Amino acid sequence: MLQETTTLNTQEITFNDFKTEVLNDYRIAKISRECSLLGRREVLTGKAKFGIFGDGKEVPQLAMAKAFKLGDFRSGYYRDQTFMMAIGALTAQQFFAGLYAHTDINSDPMSAGRQMGGHFATHSLHENGSWKNLTEQYNSSSDISPTAGQMPRLLGLAQASKIYRNEKSVQNKSNFSINGNEVAWGTIGNASTSEGLFFETINAAGVLQVPMVMSVWDDEYGISVHAKHQTTKESISEILKGFQRDNEKNGYEIFVINGWDYVQLMDIYQKAAKIAREEHVPVLIHVKELTQPQGHSTSGSHERYKSAERLQWELDHDCITKMRKWILEFELETETGDTFRFVDGEEDLVAIEKEAKKEVASAKRNAWNAFQNEIKAELSTAAEILEKTASKSENGTFIHKYKKDLLTITEPTRKDILSTLRKCLRYLKEEHFADKVVLQNYIKSATENAFQKYSTHLTSETDLAALNIEEKKPVYAPGKNLVDARIIMRDNFDAILKKHDDVVIFGEDAGFIGDVNQGLEGLQEKYGEIRVADTGIREATIIGQGIGLAMRGLRPIAEIQYLDYLLYALQILSDDLATLRYRTFGKQKAPLIIRTRGHRLEGIWHAGSPMSGIINNLRGIHVLVPRNMTKAAGFYNTLLEGDDPALVIECLNGYRLKEELPLNLGDFKIPIGVVETIKKGTDITVVSYGSTLRIVEEAAKDLNQVGINIEIIDAQSLLPFDIHQDCVKSLEKTNKLLIVDEDVPGGASAYLLQEIIEKQNGYQYLDSKPATLTAKDHRTAYGTDGDYFSKPSAEDIFEKIYEIMHEENPTKFKSLY
Ligand SMILES: Cc1ncc(C[n+]2csc(CCOP(=O)(O)OP(=O)(O)O)c2C)c(N)n1
Ligand SMILES: [Mg+2]
């Protein structure tokens, strides 16, 4: 027995060491379980809002933690509290701070109250936003709630090791990897393996042969829905058997193990880690026979949908109960006749259990007090201000009543405080005295504090924020050196790959042929198959690759072949990438650049410009819409100097147009969030972006001939838009506004309208109705003139502008129709 279990550590250990380790594991399991039990109580008594816990999954997580090494990464889900505790990244007090959603990052290091409890993370960044040395710590990428949403990024986290091991150009990045030895550990619930993202990731990791160990915590249920409705043959390992590697073909190593079997778990996790770490082969561990002692979450009770037999089975197979029994029964007889035991009797375990209970109860109390004390201090300040205001105001009785009501709330929130203060201020609108100013200022500062707590870190707030990267204009040789625009793209990427050792570019057809429009032509040959790579057709995991690689210090440029197919990845972009910095309170980042091409071409799926869906879903990611390849190239150059994620949409019909080749490729930079006036004019301001701009320019010439001089502004950057508020300056001059794009009516044009009219106060300069001209509600018909009749044409633009001018001056601009 001892011989077998020495695999617990790769080195030989003494029985005493082993015993200490086992008992310590038991202690962690009990602490974790106590947290789950008390956590549920906190929800049921109303102190916390919702709880989803790791009870019933403790023992396999101890095994995973033991195989987890410094520099490794986890990408998992809400059941993993025991693992986080075992690697020392979560204390019981932090667990409760998370449950109460304490908005202080020092109390709730997982998300500063921005995520519900059970969503785990470690800190990859220093206070100033720079990278920590990730090889010196245990790392957990920040969890998200959408089931299987952790999968795409897991692929990238694992692939980073492969790149660090095999790509010479990044071997100096010692803060992120030691020879690619790091394993990325995934966890997922059995039911969530039904998601497409799970299968897409599993396949991609098998193809890429990355060091990923994927654990499936199988408790036979997904909330109330049994495995028979979730998984073919009710077994994920059974149906993934075809992925098993053999002598001829690469694939996976697959293990199946019962989740209550401490000894076997320790053994298998060590083996899995070794395979992944040393061979860079992905491993799947199907951990079966797990349970949910308290049901799925605090939202319901599993007695409603589990049979009495099942409930009894769960009791009997509770992994901690089984571990306890094993500890008690363990006996080892040595050659000299001595008998080794872990404990002298049950009382030893009872002592550990009592201690765990005590520790958790006190952690809970401390977390609650820390959470409440902050608010109570604010409450007493607020009450004092109200008291003083009431004594001075003619409406003092009302204010007194509000104050009294506020003080009777047993567990007040900031909302209670601020809402009371704001209501009381209304009673003072006719009065003027010093304490009223104190009240006003307090409301303002409390609102600002709440902003800090709830609304910061949407994008980078560091020196490296993309908005801080200064413009550097393209430089041209004398004489026009006009080339096909795709050459600018290609040569700029060449310069980028040369300048930035850590850039890797990948996507469908991006490698061997150098992308479908040859913007990467010849670069794989020059920089190798790692830095310029083909991928399978799997948009969500292309993005996941990018997220994971960026989280491990590389600078990925992930290519989505066509803008219309970005929708496959929109969920992961929105849920994972766009929220990453926000949901970690600035403690993690993934400066991923996504390259795609779209807008105007032909047909339903190659002409789309679904910009409103994109900009509405991707707050937290910069969205850039360059009108030509020089602009696009300049954006890439800018973004690589910064640490924000961004999406760059190139114009699909622009690669063969002629542009002048800049000399300072890889170096010139287009600023983010700054519009460009590309034609000066006096009569009307026309704001547009992307491919439509060329049509606006065409219409401008025709309009000129009838005496209408339009000003054209290229938005260039939708998120963020026009940070210097240049559009409104144009409106001051023209007093008229038209926004042209090829999104649906009320799409991105409505967003631009809101920005200019409301945010920039453009309404005050208008002397005619602001207008938008967009594509039709339907997608673009494929027929040769389908584009003409589906999207704004030069004639449409001409007539729209002419109509606006006619309205203002019907005698000068006689009606056309
Ligand atoms: C995309 C998505 N759909 C639905 C949900 C709601 N939901 C949360 S957990 C869960 C069940 C997950 O079951 P399983 O993967 O087996 O994990 P377990 O909770 O059993 O450990 C569901 C349906 C969600 N969070 N995300
Ligand atoms: Mg389950």
Side-chain angles (χ1 to χ4, degrees), residues 32-33 36 39-40 43 49-61 64 74-84 115-120 142-154 186-202 214-237 239-240 256 258-260 284-302 304-306 310-311 313-314 317-319 540 544 568-576 579 583 617:
S32 174
R33 178 64 61 90
S36 302
R40 187 175 173 87
V43 177
K49 291 184 290 186
F50 174 74
I52 190 153
F53 307 119
D55 48 319
K57 318 275 189 299
E58 292 90 348
V59 174
Q61 291 180 29
M64 177 169 139
R74 162 188 172 277
S75 184
Y77 79 119
Y78 49 77
R79 297 286 181 216
D80 293 345
Q81 73 200 42
T82 314
F83 169 81
M84 294 299 287
Q115 292 220 71
M116 58 171 63
H119 289 62
F120 305 110
S142 161
D143 296 353
I144 59 176
S145 292
T147 51
Q150 69 273 35
M151 295 297 301
R153 114 171 69 92
L154 173 65
T187 68
I188 194 167
N190 57 299
S192 301
T193 64
S194 311
E195 294 279 10
L197 290 181
F198 174 79
F199 286 97
E200 189 176 314
T201 306
I202 290 291
M214 184 69 229
S215 297
V216 180
W217 306 145
D218 188 350
D219 56 17
E220 274 188 44
Y221 283 84
I223 310 186
S224 66
V225 182
H226 187 260
K228 67 176 179 239
H229 301 295
Q230 301 280 2
T231 311
T232 309
K233 299 184 178 181
E234 298 181 31
S235 166
I236 194 66
S237 51
I239 58 172
L240 291 182
V256 184
N258 289 327
W260 42 261
L284 178 95
I285 309 181
H286 182 187
V287 184
K288 299 206 295 192
E289 301 206 356
L290 290 169
T291 66
Q292 297 178 340
Q294 304 186 101
H296 173 78
S297 72
T298 52
S299 295
S301 76
H302 59 158
R304 275 195 302 152
Y305 49 79
K306 285 179 186 164
R310 171 72 195 183
L311 289 167
W313 182 92
E314 291 203 15
H317 290 79
D318 184 315
C319 59
Y568 273 66
L570 195 57
Q571 179 269 329
I572 211 68
L573 284 168
S574 179
D575 287 331
D576 197 4
T579 65
R583 73 180 194 265
N617 280 299

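From a predicted model like this one, the values you see are computed outputs, not experimental measurements. Read the numbers this way: they start at 1 and go in the same order the structure lists the ligands and their atoms.
Contact check for Phe198 versus Met214: side-chain heavy atoms found under the 4.5 Å cut-off.
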Test salt bridge (Lys or Arg N to Asp or Glu O under 4.0 Å) applied to Asp143 and Arg74, step by step
CA-CA 9 Å; Asp143 296 353; Arg74 162 188 172 277; 2.8 Å; yes

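Checked by atom type and distance alone, the side chain of Gln150 pairs as donor or acceptor with a backbone atom of Thr187 at under 3.5 Å. A donor-acceptor pair is defined here as one N or O able to donate and one able to accept, closer than 3.5 Å; such a pair exists between the side chain of Thr579 and the backbone of Asp576. Distance alone, capped at 3.5 Å, places no donor-acceptor pair between the Arg79 side chain and the Thr82 backbone.
With sequence neighbours excluded, the residues that form a ring pair (Phe, Tyr, Trp, His ring centres under 6.0 Å) with His226 are Tyr221. Applying the side chain to side chain contact (heavy atoms under 4.5 Å, CB included) rule to Phe199 yields the partners Ile236, Ile239, Leu240; only residues at least two apart in sequence or on another chain are considered.
For Ser36 and Gln81, the side-chain atoms include at least one donor-acceptor pair closer than 3.5 Å.
Contact residues of ligand 1 (protein heavy atom closer than 4.0 angstrom to a ligand atom; sorted by chain and number): Lys57, Tyr77, Tyr78, Arg79, Ser145, Pro146, Thr147, Gly189, Asn190, Ala191, Ser192, Glu195, Asp219, Tyr221, Gly222, Ile223, Gln292, His296.
Distances under 2.8 Å from the Mg ion (ligand 2) pick out the protein N/O/S atoms Asn190 OD1, Asp219 OD1, Tyr221 O.
Ring pair Trp313/His317 is parallel by interplanar angle, where below 30° counts as parallel and above 60° as perpendicular.
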